[in-house]
Amino acid sequence: MSAQSPEIATALISFTELVGLLQRIFVRHGTSPEVAAILAHNCASAERDGAHSHGVFRIPGYLSTLASGWVNGTAVPTVSDVASGFVRVDAGNGFAQPALAAARALLVSKARSAGIALLAIHNSHHFAALWPDVEPFAEEGLVALSVVNSMTCVVPHGADRPLFGTNPIAFAAPQADGAPIVFDLATSAIAHGDVQIAARKGERLPPGMGVDSLGQPTQDPKAILEGGALLPFGGHKGSALSMMVELLAAALTGGNFSFEFSWADHPGARTPWTGQLLIVIDPSKTAGQNFAERSHELVRQMHAAGLRRLPGDRRHRARAKSLETGIELPVQELNQLQEWAGD
Ligand SMILES: NC(=O)C1=CN([C@@H]2O[C@H](COP(=O)(O)OP(=O)(O)OC[C@H]3O[C@@H](n4cnc5c(N)ncnc54)[C@H](OP(=O)(O)O)[C@@H]3O)[C@@H](O)[C@H]2O)C=CC1
Ligand SMILES: O=C(O)C1=NCCCC1
């Protein structure tokens, strides 16, 4: 997540301008205006927060995927109110974020009345950071947890070949007198996007991230991308969490496991066709209005214990800077975006 290197010419663009630019790109490449608005906001938010592996870096992957016919950019999600605390969405082979948007009001009203509600999305593609899916719930005083599975590229701990996806887990909780507490982490030692960025920059990875095509440990990102694989974070522990993500995001939703789809017939396709699960809790039903105070107290004690950085702090710093001065993009990248938008 490093800043742009000084020798690359950069330009500044406001968050609103970037959202508009990305929106025009998506529409021009085959999405509906509604889908474009959601994806553009998501992608620009990642760039604004310095989450570069899931910001504008992802645009070529979105466009080649749309061009391949693998994903339906105009899909209209089908929301089913299946049980008191359970909402199901068929994303119609479209993106996961519009499916979440379509079910959001029902999910929140169920969580507020029952105390907890679950959203199961299937037949969906998630190509983005996961924190934008949970953070807004915490801004409304709710606790949210989400998991999504991706594509086979991680060797389960103790196995011989890749099976799991990079399978992130994101969590958000409200905090009194502070931004929501949010973390979002891949269950692989490193996100696939960061391996691609390292390969593009010609950088080596730290040890313990992946293996080459012969299963030997490697720090070369290209060896991981070209026939190699990633490892779970924390050995058997991350592997167990990744397995849990496969179960919750795929088996429980009706989506594909990370190993159950293939891009072979759709050259250019990059988006995982899987599932996503969200659990939303209204803490006022369990801990009373006290929850946000309690989470603040935890943060206070963590700081008192010497903690300098909480998950989310780096993003919030990047966000504040982006909103103050604009989002910094390499000029070449900005020109390319404008060309794709037909500007
Ligand atoms: N859609 C998909 O299928 C997939 C998406 N992804 C996305 O990739 C992104 C990157 O994932 P990943 O590489 O695992 O993320 P990181 O390892 O960069 O960060 C994971 C979490 O830990 C926090 N953190 C990082 N360093 C520290 C530190 N020193 N002290 C305290 N907290 C820290 C981060 O906060 P902060 O953000 O503030 O740095 C973040 O919440 C995620 O947004 C994820 O959703 C990953 C896999 C698949
Ligand atoms: O960075 C990753 O890992 C992924 N991001 C988007 C979807 C595929 C996996």
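As a basis for the values below, the full set of heavy atoms in this structure was taken, side chains included, without hydrogen atoms, waters or symmetry mates. Order of listing sets the numbers, starting from 1, for every ligand and every atom in it.
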So, Tyr62 versus Phe95, ring centres under 6.0 angstrom or not?
yes
Is there a side-chain contact between Ile59 and Cys43 in this structure, where contact means two heavy atoms from C-beta onward sitting under 4.5 Å apart?
yes
Aromatic Trp131 / basic Arg315 pairing, under 6.0 angstrom, 45° off normal:
yes
More than 12 heavy atoms from other groups under 6.0 Å of CZ on Arg104
yes
Report the part of Pro272 (side chain from C-beta onward, or backbone N, CA, C, O) that has a heavy atom under 4.0 Å from ligand 2; answer both or neither where that applies.
side chain
Contact between Gly193 and ligand 1, counting heavy atoms under 4.0 Å?
no
Does at least one non-hydrogen atom of Gly312 fall below 4.0 angstrom from an atom of ligand 1?
yes
Could you list which atoms of ligand 1 come closer than 4.0 Å to a heavy atom of Thr166?
47 (C), 48 (C)
Close-contact set for ligand 1 against Ser150 heavy atoms, below 4.0 Å
3 (O)
As an exercise, identify every atom of ligand 1 less than 4.0 angstrom from a heavy atom of Asp194.
13 (O)
Salt bridge or not between Arg48 and Glu328? Use side-chain N to carboxylate O under 4.0 Å.
no
If only side-chain N and O atoms count, and only distance matters, is there a donor-acceptor pair under 3.5 Å linking Ser124 with Gln276?
no
Atom 10 (C) of ligand 1: which of Pro272, Ala191, Pro311 has the nearest heavy atom?
Ala191
Test of understanding: given a 4.0 Å heavy-atom threshold, classify the contact between Ser188 and ligand 1 as side chain, backbone, both, or neither.
neither
Could you tell me whether the side chain of Lys321 and the main chain of Gly326 form a donor-acceptor pair under 3.5 Å?
no
Close N or O approach (Leu130, ligand 1; < 3.5 Å)
yes
So which heavy atom in the protein is nearest atom 6 (C) of ligand 2, and how far is it from that ligand atom?
His54 NE2, 3.5 Å
Heavy-atom distance to atom 41 (O) of ligand 1: which of Thr274, Asp184, Val195 wins?
Asp184
Say whether Asn149, considering both its backbone and side-chain N or O atoms, lies within less than 3.5 Å of an N or O atom on ligand 1.
no
Short list, please: which atoms of ligand 1 are under 4.0 Å from a heavy atom of Asp313?
38 (O)
Would you kindly say whether Thr166 and Ser150 are connected by a side-chain donor-acceptor distance under 3.5 Å?
yes
So, regarding Trp131 and ligand 1 (criterion: nitrogen or oxygen to nitrogen or oxygen, under 3.5 Å), is there a contact or not?
no
For atom 3 (O) of ligand 2, what is the closest protein heavy atom, and at what distance to 0.1 Å?
Thr166 OG1, 2.7 Å
Are Arg161 and Phe259 in a cation-pi contact, defined as NZ or CZ under 6.0 Å from the six-membered ring centre and within 45° of the axis?
no
Closest non-hydrogen atom pair, Leu248 against Thr253:
O-CG2, 3.4 Å
Under 4.0 Å from one or more heavy atoms of Phe183, ligand 1 contributes atoms 41 (O)
Just need the protein heavy atom nearest to atom 1 (O) of ligand 2, so name the residue and atom and give the distance.
Gly193 N, 2.9 Å
For ligand 2, which atoms, with element, lie under 4.0 Å from some heavy atom of Met151?
8 (C), 9 (C)
Indicate yes or no: does an N/O atom of His192 lie under 3.5 Å from an N/O atom of ligand 2?
yes
On a heavy-atom basis, the closest approach of Gln97 and His125 is OE1-O, 4.3 Å
Judged by non-hydrogen atoms, does Arg58 sit under 4.0 Å from ligand 2?
yes
Salt bridge or not between Glu47 and Arg319? Use side-chain N to carboxylate O under 4.0 Å.
no
The closest protein heavy-atom partner of atom 7 (C) of ligand 2 is His126 O, 3.6 Å
Heavy-atom distance to atom 28 (C) of ligand 1: which of His192, Met151, Arg309, Arg58 wins?
Arg309
Could you pull out the closest heavy-atom pair between Ala103 and Leu119, with the gap in Å?
CB-CD1, 3.6 Å
Do the side chains of Lys110 and Asp81 get close enough for a salt bridge, i.e. N-O under 4.0 angstrom?
yes
Check ligand 1 against Ala129 and write out every atom of the ligand that is under 4.0 Å from a heavy-atom position of the residue.
43 (O), 45 (O)
Residue part near ligand 1, for His316, under 4.0 Å between non-hydrogen atoms:
neither
Pairs of nitrogen or oxygen atoms closer than 3.5 Å, one from Ala186 and one from ligand 1: do any exist?
yes
Do the charged groups of Asp220 and Arg204 touch, with an N to O distance under 4.0 Å?
no
Polar proximity ligand 1 side, Asn167 side, N/O cut 3.5 Å exclusive:
no
